[in-house]
Amino acid sequence: MTTRTQVAIVGAGPAGLLLGQLLSRAGIANVILERQSADYVLGRIRAGVLEQVTVDLMEECGVAQRMHREGLVHEGIELLFKGQRHRIDLPGLTGGKTVTVYGQTEVTRDLMAARAAAGLQTVYEVGDSVTLHDFDGASPRVRYRKDGQEHEIACDFIAGCDGFHGVSRASVPKGAIAEYEKVYPFGWLGLLADVPPVFHELIYANTGRGFALCSMRSPTRSRYYLQVPLEEKVDQWSDAAFWDELRRRLDPEARERLVTGPALEKSIAPLRSFVAEPMRFGRLFLAGDAAHIVPPTGAKGLNLATSDVKYLSSALIEFYGERSSAGLDHYSDRALRRIWKAERFSWWFTGLMHQFPGEGPIAQKLQEAELDYLVNSKAASTALAENYVGLPL
Ligand code: FAS
Ligand code: PHB
């Protein structure tokens, strides 16, 4: 059966849902196709820190109420090295900018609820049945299977918001796309628990044993990460082993204050830097993790997905409103300028905070010297702060 819409969106993660919401509010018809169930998407524990760009976009989508009620506005982060913590004053160094701690799961939940309330079509559990067709022409189509039925959607544009392992980037002819990738020799073991955070702001720790991050989701729910070797498996890590190792990487005061409890979720994420260029192929546009991946050290992944969506939605609204394709023609270059700056920051911060195998003891000394310089230099702290709160659109 063939149906028609204006924009077919592949993927119901933050990028796809945000795009669907912005287009619908502008009167542009769209359908979202999602491989998994809604519960599965909500069950993935991912980002925790929103830049102001993302907060503003949630407001533009009309879904910011709960975020403002439950989100935590943070005015600083702590850098821990050589057993000492040093605060980076975000608003003080950036003319008033802050970040908001509000889990990606909650962003996704708010967007799913708004989409359902508006009666907009999201087809969940299509598995790997989605195929993209004729996006190099004027009449692209998307096919998928649901409940044993084959479906086809005729559309004007396809938005590939289906993440790093999605079908959209994979559907682009190899010769038409350039991929840039760096894989890091370690992963992040993350643990979520209903225990109060060890501190009211995030703590990024550089230690001889490896990186650690103390984050949170609310005043009663904490999110912790430990750098672990790539070959580690999550079932090698009991909760007790996680908490013991985290204690070893904290300063005495945090160690004393740490409240432990059973893991609600525990997983290991690999770290990579990845960018695909360009992000447009005829009438197919890539957005979010479908086009780029950053190591999570700088908390940029979700925030890059939202800036891509801001650019793409504005371009599509301009196309349908003014019949101008200027925004669409500039989308890829415009998005990539912000993406590469976030890639650079995330790579730099990852290099500063993690232990790299085989680099010898001098590497730790050089990192500690750079951190010592950074926390005592207004210029260097400002550079960290303005990248952390997010560069302008
Ligand atoms: P997503 O991957 O979130 O969404 C893509 C959607 O497309 C998924 O729901 C998927 O099921 C669907 N899909 C895939 N293939 C499909 C197909 N063929 N057909 C239909 N649907 C398909 N960022 C941070 O800022 N901080 C973090 O701490 C952090 N931690 C992360 C941990 C992990 C394990 C991962 C993988 C990412 C993490 N990220 C983090 C980055 C993450 O938050 C992404 O940047 C964010 O999810 C990007 O959103 P989307 O582009 O929508 O991609
Ligand atoms: C998180 O809370 O999941 C989080 C916070 C900051 C980061 C990465 C992850 O840099």
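In listed order, ligands and their atoms are each counted from 1. Keep in mind that this is a model prediction, so the values were computed, not measured.
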Quick test of your reading of the model: are R35 and D128 salt-bridged, counting only N-O distances below 4.0 Å? yes

Could you go through the side chain to side chain contact (heavy atoms under 4.5 Å, CB included) check for E125 and Q36 one step at a time? CA-CA 4 Å; E125 299 183 277; Q36 310 287 359; 5.9 Å; no

Pick one: which of Y184, F164, Y180 meets ring-ring contact (aromatic ring centres under 6.0 Å, His included) with F274? F164

Proximal ligand 2 atoms for L202, defined as those under 4.0 Å from one of its heavy atoms: 5 (C), 6 (C)

Please walk me through it: do T260 and R247 pass side chain to side chain contact (heavy atoms under 4.5 Å, CB included)? CA-CA 10 Å; T260 66; R247 280 194 192 88; 3.4 Å; yes

Output the list of atoms in ligand 2 that are nearer than 4.0 Å to some heavy atom of W188, sorted by atom number. 8 (C)

Using a strict 4.0 Å cut-off to heavy atoms of A299, name the atoms of ligand 2 that fall inside it. 6 (C), 7 (C), 10 (O)

L19: which of L111, V309, I32 passes side chain to side chain contact (heavy atoms under 4.5 Å, CB included): V309

Between Y102 and D110, does a side chain to side chain donor-acceptor pair (under 3.5 Å) hold up when you go through it step by step? CA-CA 11 Å; Y102 188 67; D110 294 338; 2.5 Å; yes

Within ligand 1, which atoms have a heavy atom of V167 less than 4.0 Å away? 18 (N)

For G166, atoms of ligand 1 separated by under 4.0 Å from a heavy atom: 15 (N)

Between the candidates E125, R35, K300, which shows the shortest non-hydrogen contact distance to atom 21 (N) of ligand 1? R35

Between the candidates L18, D128, V49, D289, which shows the shortest non-hydrogen contact distance to atom 41 (C) of ligand 1? D289

Once you restrict to heavy atoms under 4.0 Å, what part of R217 touches ligand 2? Side chain, backbone, both or neither. side chain

Flag the pair E265 and R223 as a salt bridge only when some basic side-chain nitrogen lies within less than 4.0 angstrom of an acidic carboxylate oxygen. yes

At under 4.0 Å between heavy atoms, which part of I45 makes contact with ligand 2: side chain, backbone, both or neither? neither

Going by the order shown, which atoms of ligand 1 are within less than 4.0 Å of some heavy atom of V10? 19 (N), 20 (C)

Just to be sure I'm reading this right: ignoring hydrogens, which of P296, P14, G13 gets closest to atom 49 (O) of ligand 1? Compare them by their nearest heavy atoms. P14

Here the atoms of ligand 1 under 4.0 Å from any heavy atom belonging to L302 are 23 (N), 25 (O), 45 (O)

Within the 4.0 Å heavy-atom cut-off, what S215 brings close to ligand 2 is side chain

If we count only N and O atoms by modelled type, under 3.5 Å, do the side chains of D156 and Q6 hold a donor and an acceptor together? no

Residue selection (non-hydrogen contact nearest atom 31 (C) of ligand 1) among Q36, E34, H165, R46: R46

Identity of the nearest option to atom 52 (O) of ligand 1, non-hydrogen atoms only, from A12, A15, S171: A15

Does Y102 come within less than 4.0 Å of ligand 2, judged by its heavy atoms? no

Heavy-atom side-chain proximity of N206 to L352 below 4.5 angstrom: no

Mind checking whether V41 contacts ligand 1 via backbone (N, CA, C, O), side chain (CB onward), both or neither, at a 4.0 Å heavy-atom cut-off? side chain

Under 4.0 Å from a heavy atom of R46: give me the atoms of ligand 2 that qualify, with their elements. 3 (O)

For atom 9 (C) of ligand 2, grab the closest protein heavy atom and report residue, atom and distance to one decimal in Å. Y225 CE1, 3.7 Å

More than 12 non-hydrogen atoms from neighbouring residues, nucleotides or ligands closer than 6.0 Å to NE2 on H68, yes or no? yes

How about N30 and T5: does a side-chain donor come under 3.5 Å of a side-chain acceptor? no

Y225 touching ligand 1 at heavy-atom level, < 4.0 angstrom: yes

Taking only Lys NZ, Arg NE, NH1 and NH2, and the carboxylate oxygens of Asp or Glu, determine whether R143 and E150 approach each other closer than 4.0 Å. no

So which bit of F349 gets within less than 4.0 Å of ligand 2, heavy atoms only: side chain, backbone, both or neither? neither

of all protein heavy atoms, closest to atom 8 (C) of ligand 1 is R44 NH2, 3.1 Å

Among protein heavy atoms, which lies nearest atom 34 (C) of ligand 1, and at what distance? A269 CB, 3.6 Å

Answer yes or no: are there more than 12 heavy-atom neighbours, outside K182 itself, under 6.0 Å from its atom NZ? no

Which is it for L33 and ligand 1 at heavy atoms under 4.0 Å: side chain, backbone, both or neither? backbone

Regarding atom 7 (O) of ligand 1: of the candidates D162, I9, V123, which has the closest heavy atom? D162

Distance under 4.0 Å to a non-hydrogen atom of A299: what atoms of ligand 1 satisfy this? 25 (O)

Report yes if G301 has an N/O atom closer than 3.5 Å to an N/O atom of ligand 1; otherwise report no. yes

Is the shortest side-chain N to carboxylate O distance from R283 to D136 below 4.0 Å? no

Could you check atom 23 (N) of ligand 1 against the protein and tell me its nearest heavy-atom contact, residue, atom and distance included? A47 CB, 3.6 Å

Give me the residue, atom name and distance of the protein heavy atom closest to atom 6 (C) of ligand 2. Y204 OH, 3.3 Å

Cation over ring face, R323 and F319, 6.0 Å, 45°: yes

Could you tell me if the ring centre of F81 sits under 6.0 Å from that of H86? yes

If we set the cut-off at 4.0 Å for heavy atoms, which region of T297 has an atom near ligand 2: side chain, backbone, both, or neither? backbone

Considering only heavy atoms of G288, which atoms of ligand 1 have at least one such atom less than 4.0 Å away? 51 (O)

Identify the closest protein heavy atom to atom 8 (C) of ligand 2: which residue and atom is it, and at what distance? P296 O, 3.2 Å

Note: C161, heavy atoms under 4.0 Å from ligand 1, region reported as backbone

Hey, are H165 and D289 close enough side-chain-wise for a donor-acceptor pair under 3.5 Å? no

Checking the N or O distance criterion of under 3.5 Å, is ligand 1 in contact with Q104? yes

May I ask you to check whether Q227 and W188 show a side-chain donor-acceptor distance below 3.5 Å? no

Would you indicate whether R145, at its atom CZ, is surrounded by more than 12 heavy atoms from other residues, nucleotides or ligands within a distance under 6.0 Å? no

Should Q104 be listed as contacting ligand 2, given a heavy-atom distance under 4.0 Å as the test? no

Out of all atoms in ligand 2, which are within 4.0 Å of some heavy atom of V49? Include the element for each. 5 (C), 6 (C)

Decide if the gap between the ring center of F186 and the ring center of F211 is smaller than 6.0 angstrom. no

